[in-house]
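Small disclaimer: the values here were computed from a predicted structure and weren't measured. All chains are named by letter (A, B, ...) in the order of the sequence lines, taking the proteins before the strands, and each is independently numbered beginning at 1.
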Amino acid sequence: MFYREAGQFKTSYKKDQAILPIFQDKIAMVAMLLFCFIVIPLFANDYWLASILVPFLALSLAALGLNVLTGYAGQISLGTAAFMAVGAFASFNLQVRIPEIPFLVAFLWGGLCAAGVGILFGLPSLRIKGFYLAVATLAAQFFIEWLFTHFDWFTNYSTSGVITAPPMTLLGFAIDNPLSKYFLVLSIVVICAFFVRNLARSEIGRAWMAVRDMDIAAEAIGINLMKTKLLAFGVSSFLCGLAGALWAYVVLGTVEPQAFDIARSFEILFMVVIGGLGSVSGAFLGAGFMILLPILLNNLGSLITGGTISTETIAHIEYMVFGAFIIFFLIVEPNGLARLWQIGKEKLRLWPFPY
Amino acid sequence: MSLKNQNLISKSEVIMNIKNINLSFGGLKALSGVSLQIKKGEILAIIGPNGAGKSSMLNVISGIYVPQEGVVEWKGKRRNKIAPHDIARMGIARTFQNIALFKGMSALENILTGRNILMKRNLFMEMLYMGLGRRQEEEHRKKAEEIIDFLEIQSIRKTPVARLPYGMQKRVELGRALALEPELLLLDEPMAGMNVEEKEDMCRFVLDVNEQFGTTIVLIEHDMGVVMDISDRVVVLDYGIKIADGTPDKVRSEKKVIDAYLGVG
Ligand SMILES: Nc1ncnc2c1ncn2[C@@H]1O[C@H](COP(=O)(O)OP(=O)(O)OP(=O)(O)O)[C@@H](O)[C@H]1O
Ligand SMILES: [Mg+2]
């Protein structure tokens with residue numbers, strides 16, 4: 001944002017506690033929301049809405065979910081896509097069994113089921129950490145994918161093994177075109193981001209970060225590690241489940257369990273690493289980066305070489321660029337793009353004076 | 001010469017009674033038959049050479065280590081095996097020999113986290129930042145600011161603790177322990193690695209906490225000057241055995257202590 005924060009001193013703790021203590025940040029947030037809710041719908045075409053923005057938002061939500069678990073609570077997970085799958089299949093199944101259920105209720109149910117499964121697979125975190133926990137969550141990934149592939153009940157005995165999302169209507173409006181889908185996903189994602197931001201700066205968020213940063217000290221000041229970790233698994237998986245439901249209903253329409261494979265889990269993990277662990281904006285920056293970079297590379301590739309370069313080569317370059325970025329962020333800036341942004345802002349705040 | 005006001009109230013009420021603790025790791029005996037009473041309102045120093053078992057003793061008191069033998073009584077009641085996170089609720093707080101701050105948080109957030117157990121957990125209200133969720137954040141922020149003023153760290157409250165110098169980190173860690181308003185405060189080498197000025201500040205804070213809030217303090221310290229100045233009573237450990245227990249002046253003149261500790265240093 002193009003302003004500096006100098007000269008704003010809080011006169012009460014209440015004001016300092018506000019979600020966005022700096023006045024310009026509030027303006028920027030409002031401007032951002034206006035841009036997303038008004039400007040984009042006015043100017044974006046269907047291709048951008050359906051193929052880029054809606055998937056971007058849905059994956060941002062999944063990244064936000066993983067960020068709660070990994071970024072805030074410090075518990076690593078490779079089962080993100082599995083929890084998304086639970087959300088998608090649970091929403092679908094509820095609506096198939098009880099067609100009268102509104103789709104939003106089904107989404108909520110999907111999130112809750114994912115939360116339950118997440119808590120279950122989070123139980124090993126009470127005993128193991130780091131690498132071993134990552135392996136344990138990998139078990140969730142493979143088990144759930146296998147479950148949905150091999151038990152026809154979950155796909156309602158569809159012969160092709162795929163599920164087709166029922167049509168969505170909200171207050172009499174059919175949500176069937178790119179614009180209405182965009183509004184739906186945007187609203188859900190904005191609300192969730194707001195909730196996560198609030199949690200992060202409250203008692204629960206501090207408990208998560210305490211467990212992440214120094215678990216013995218957290219225990220010594222009375223934080224119950226078990227409850228705190230399982231709550232993180234629950235909230236995180238809820239968001240991932242919701243993202244999975246959106247992915248199935250809004251982005252894909254028809255889904256096979258392989259849409260939620262291990263590659264998806266890694267993709268979301270990379271978003272969180274690149275965007276920034278432990279920050280809400282990081283989830284969006286990471287998702288934006290992961291989705292826009294391939295498009296950029298593609299266009300750049302054909303622009304420079306005049307179309308002589310094969311799409312295959314571009315795909316390879318893409319992998320290499322991602323790899324380089326991930327290594328860069330892991331080594332140089334573990335807090336990702338969000339942190340780089342913040343550093344830039346801090347430097348500007350008092351610029352040109354160093355102190 | 002003692003910095004401490006000679007309180008007229010005799011400090012005699014025992015709040016923690018530790019009897020006959022045996023603690024070993026594999027074949028290594030860290031504590032052998034140590035008994036110790038902690039009296040309400042006192043500043044008790046535990047001293048001894050490296051590896052004497054001082055930190056182990058603190059870990060037994062704070063429930064992190066469970067001794068193979070021995071009894072710990074808290075306010076007259078026998079304390080059986082207890083989850084480490086329940087110790088804080090009993091009114092016992094501590095700092096660590098190697099700073100154990102929450103590195104990703106600011107000084108203020110570290111201190112606020114110390115007050116977490118005094119808050120109510122309510123997922124929905126915290127998510128919405130409404131009602132209780134908001135009220136308690138604002139209330140506890142006020143209390144945290146009192147601690148910040150007390151420790152004179154106003155200027156660094158928003159700084160991520162990882163960026164603070166060592167002495168300041170130690171101070172923030174003290175603040176985090178104070179935040180939960182403990183009755184018994186355990187400090188594992190609060191002044192280690194500090195320069196003279198920082199040590200003086202820390203001594204002042206320890207004495208002030210003791211006097212203003214009536215907090216009982218058990219501290220481990222290597223600097224004999226500091227120990228003599230601020231403690232009411234000194235316990236000396238050597239190879240896991242308690243070899244002396246009494247006023248600083250008395251302990252200092254005991255031959256066993258001079259041999260084991262003072263003579264060496
Ligand atoms: N968790 C543990 N596992 C194994 N051995 C331990 C453990 N904790 C302490 N010990 C051993 O117990 C003995 C006493 O250690 P302790 O840390 O209590 O000493 P200390 O008096 O605090 O020493 P220092 O002044 O170096 O801090 C040492 O020999 C130490 O190696
Ligand atoms: Mg020690």
Side-chain angles (χ1 to χ4, degrees), chain A residues 10 12-19 21 68 71-74 115 191-228 231-232 234-235 238-239 276-279 334-335 339 342-343 346, chain B residues 59 62-64 83-90 92-96 99-105 108-130 132-134 136-142 144-145 157-158 161-162 173 176-177 179-180 182 186:
Chain A
K10 311 301 167 311
S12 83
Y13 301 134
K14 221 176 231 176
K15 280 187 199 149
D16 199 26
Q17 298 276 83
I19 188 162
V68 164
Y72 286 108
I191 291 169
C192 289
F194 173 75
F195 285 165
V196 171
R197 184 73 195 86
N198 278 340
L199 278 183
R201 70 201 175 112
S202 297
E203 176 266 338
I204 290 175
R206 285 194 300 274
W208 285 341
M209 291 187 273
V211 169
R212 171 194 71 189
D213 287 347
M214 189 61 76
D215 51 3
I216 2 163
E219 269 190 314
I221 57 169
I223 290 172
N224 183 328
L225 297 188
M226 178 178 85
K227 283 189 191 163
T228 307
L231 182 62
V235 171
F238 178 87
L239 295 171
L277 288 163
S279 98
N335 295 318
R339 177 77 189 128
Q342 199 189 343
I343 291 174
E346 265 170 37
Chain B
N59 284 335
S62 66
I64 291 179
H85 62 254
D86 283 332
I87 294 285
R89 280 204 171 73
M90 300 170 63
I92 302 175
R94 66 168 296 167
T95 64
F96 292 82
I99 298 173
L101 282 173
F102 305 130
K103 293 233 162 51
M105 299 191 213
L108 171 66
E109 286 170 321
N110 267 276
I111 291 168
L112 273 171
T113 313
R115 296 190 68 81
N116 260 21
I117 51 161
L118 304 174
M119 302 188 191
K120 287 211 176 64
R121 178 161 290 182
N122 185 321
L123 180 64
F124 290 99
M125 286 304 166
E126 291 184 46
M127 207 164 84
L128 295 165
Y129 202 63
M130 272 171 23
L132 171 84
R134 176 180 205 132
Q136 70 176 0
E137 285 300 317
E138 284 166 2
E139 270 168 32
H140 289 274
R141 171 72 188 270
K142 238 180 248 147
E145 290 292 338
R157 59 156 81 77
K158 290 286 177 74
V161 287
E173 203 188 6
R176 185 181 66 191
L180 57 90
L186 312 169

- Message: Please identify, among B:M105, B:M90, B:R121, the residue contributing the most non-hydrogen atom pairs under 4.5 Å to chain A.
- Response: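 Between B:M105, B:M90, B:R121, the count favours B:R121.
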- Counting heavy-atom pairs under 4.5 Å to chain A, which of B:N122, B:I87, B:I117 comes out on top?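 The candidate making the most pairs under 4.5 Å is B:I117.
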Rounded distance [0.5 Å steps], [atom1] in [X] versus [atom2] in [Y]:
X      : Y      : atom1 : atom2 : result
B:M119 : A:S202 : CE    : OG    : 9.0 Å
A:R201 : B:L112 : CZ    : CG    : 12.5 Å
B:E109 : A:M209 : CD    : CE    : 5.0 Å
A:D213 : B:L101 : CG    : CG    : 9.5 Å

- Item | Residue among A:L225, A:V211, A:I204 with most heavy-atom pairs under 4.5 Å to chain B |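 Counting heavy-atom pairs under 4.5 Å, the top option is A:I204.
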- Message: Report which part of A:A218 has an atom under 4.5 Å of a heavy atom belonging to chain B: side chain, backbone, both, or neither.
- Response: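 Both backbone and side chain.
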- Measure A:V196 against the heavy atoms of chain B and call it side chain, backbone, both or neither at under 4.5 Å.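 Neither part.
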- Would you mind checking if B:E126 and A:R206 are paired as a salt bridge, meaning a charged N to carboxylate O distance below 4.0 Å?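 Here A:R206 does not pair with B:E126 in a salt bridge, since their nearest N and O are not under 4.0 Å apart.
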- Message: Using the side-chain contact (heavy atoms from CB on, under 4.5 Å) definition, which of the options A:T228, A:I223, A:I221, A:N224 pairs with B:H85?
- Response: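 Answer after filtering A:T228, A:I223, A:I221, A:N224: A:N224.
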- Item | Least distance between heavy atoms, A:A220 atom then B:R94 atom |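 Taking every non-hydrogen atom into account, CB-CG, 4.1 Å.
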- Item | Min side-chain heavy-atom separation B:M127-A:N198 under 4.5 Å |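 When only atoms from C-beta onward are counted, A:N198 and B:M127 do not touch, as no gap falls below 4.5 Å.
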- Please flag which part of B:S62 lies under 4.5 Å from any non-hydrogen atom of chain A: side chain, backbone, both or neither.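 When you check distances to chain A, no heavy atom of B:S62 falls under 4.5 Å.
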